[in-house]
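Structure first, then comments.
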Amino acid sequence: MNFDRKKQIRFKNDDDIRLLREVVARNPIKNKNKWTEVAAVLSTPMFVLDARRVRERTNLLIEQHKRENRENLKKSGVDEDVTERTTLLDEIMELKEEEEREKKEEKEKKEKSENLGKEIRKRALECLTPKKDDESDIPKRRYSQTYLVDYLKEKSEMEIATKRTELELRKEELRLQKAQFDLDREERLQRMEVEKQEKIAFMDLLKKLTNNK
DNA sequence: CTAATTAATCGCTCCTTACC
DNA sequence: GGTAAGGAGCGATTAATTAG
């Protein structure tokens, strides 16, 4: 028995929607401290939340959403209901994926440039270390200096070249990502619109039927 | 009603980041 | 280098909800 444990706060569907809206609006995936803001916005005296609670609830919802998607797919492609709830969850998942991709890329880039630096330094060092005596017809100092200059030149050229290609690649990637994202969003909105129209048509039909009675 | 299932809380640990 | 601070996730425990 633990007496200092808080009373549990259960999320209702409305609460979930409000939560998901805030998460999409503020993107705490990218700015960790935003979890606090989200919690502050959603908290009322009756419904007290902290950043951790908000984060854990979001994760739980996403887990459930993923599970549902998997199951729908298995049951031979039942389309998910197009509701605000699922739309929001999809968007949050995209935010998460985007963040992950960015982190991975950053890491890879860092490693790459580190390796490049190491390599060049190593080679420069090799050329600076004294050779055996039998090569001494070339003055040591001159010998190493020219090589050092060469390597420095090589180094900066390589860096500029790789940076340029990396930048172009990155730009292209971003463009594609954005295009895909916009496409997805457009598709979802359209689906929602179609559903709304169908609902309206259905209601009209109902009205007609009842009036004609 | 009780048993089973699902969700919330919390302690702990691991990771990253900032600072020395 | 290391280490303090804070975020995040995992798992055990407990509480609430649902099924039977």
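Chain identifiers are assigned alphabetically (A, B, ...) following the order of the sequence lines, protein sequences preceding nucleic acid strands; residue numbering begins at 1 within each chain.
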A quick test of your reading: do over 12 heavy atoms of other residues, nucleotides or ligands sit less than 6.0 Å from CD of A/Gln64?
yes

Do A/Thr83 and A/Thr86 make a side-chain contact, defined as non-hydrogen atoms from C-beta onward lying under 4.5 Å apart?
yes

Side chain to side chain contact (heavy atoms under 4.5 Å, CB included) filter on A/Asp16, not counting sequence neighbours, yields A/Phe11, A/Arg57, A/Leu61, A/Arg85

Would you say the side chain of A/Asp50 lies within less than 4.5 Å of the side chain of A/Trp35, judging by non-hydrogen atoms?
no

For A/Ala39 and A/Ala51, work out which heavy atoms get closest and say how close.
CB-N, 3.7 Å

When you measure from every atom of DNA chain C, which of residues 54-64 of chain A have a heavy atom less than 4.0 Å away?
A/Arg55, A/Glu56, A/Asn59

Under 4.5 Å between side-chain heavy atoms, counting indirect links through other Ile/Leu/Val/Met/Phe/Trp/Tyr residues: same cluster for A/Leu19 and A/Phe47 or not?
yes

Rounded to the Å, how far apart are A/Lys7 NZ and B/dA8 C1'?
12 Å

Listed partners of A/Glu56 passing side chain to side chain contact (heavy atoms under 4.5 Å, CB included), at least two apart:
A/Arg52, A/Arg53

Which atom of A/His65 lies closest to which atom of A/Met93, heavy atoms considered:
CD2-SD, 3.4 Å

Nearest-angstrom distance from the residue atom NZ of A/Lys12 to P of C/dA16:
15 Å

Take atom CD1 of A/Ile9 and atom C1' of C/dT14, then tell me their distance rounded to the nearest Å.
15 Å

Return the residues of residues 33-48 of chain A meeting this criterion: a heavy atom under 4.0 Å from some atom of DNA chain C. Order them by number, or give none.
A/Trp35

So do A/Arg21 and A/Leu88 actually touch side chain to side chain, heavy atoms under 4.5 Å?
yes

Report the residue (A/Asn31 or A/Gln8) whose heavy-atom-nearest nucleotide on DNA chain C is the more 5′ of the two.
A/Asn31

For the pair made of CZ in A/Arg10 and P in B/dT5, what is the distance, rounded to whole Å?
16 Å

What are the residues of residues 14-21 of chain A, sorted by number, that bring a heavy atom to within less than 4.0 Å of DNA chain C?
none

Between CZ of A/Arg5 and P of C/dT14 the distance, given in whole Å, is 7 Å

Can a side chain N or O of A/Lys6 be found less than 4.0 Å away from OP1 or OP2 on B/dC10?
yes

Calculate the interatomic distance between A/Lys96 atom NZ and C/dG7 atom P; express it in whole Å.
17 Å

Between A/Asp15 and A/Lys12, does any side-chain N to carboxylate O distance fall below 4.0 Å?
no

Pairing residues for A/Asn33 by the side chain to side chain contact (heavy atoms under 4.5 Å, CB included) criterion, not counting sequence neighbours
A/Asn31

Length of the line joining A/Glu102:CD and B/dT16:C1', which is rounded to integer Å
17 Å

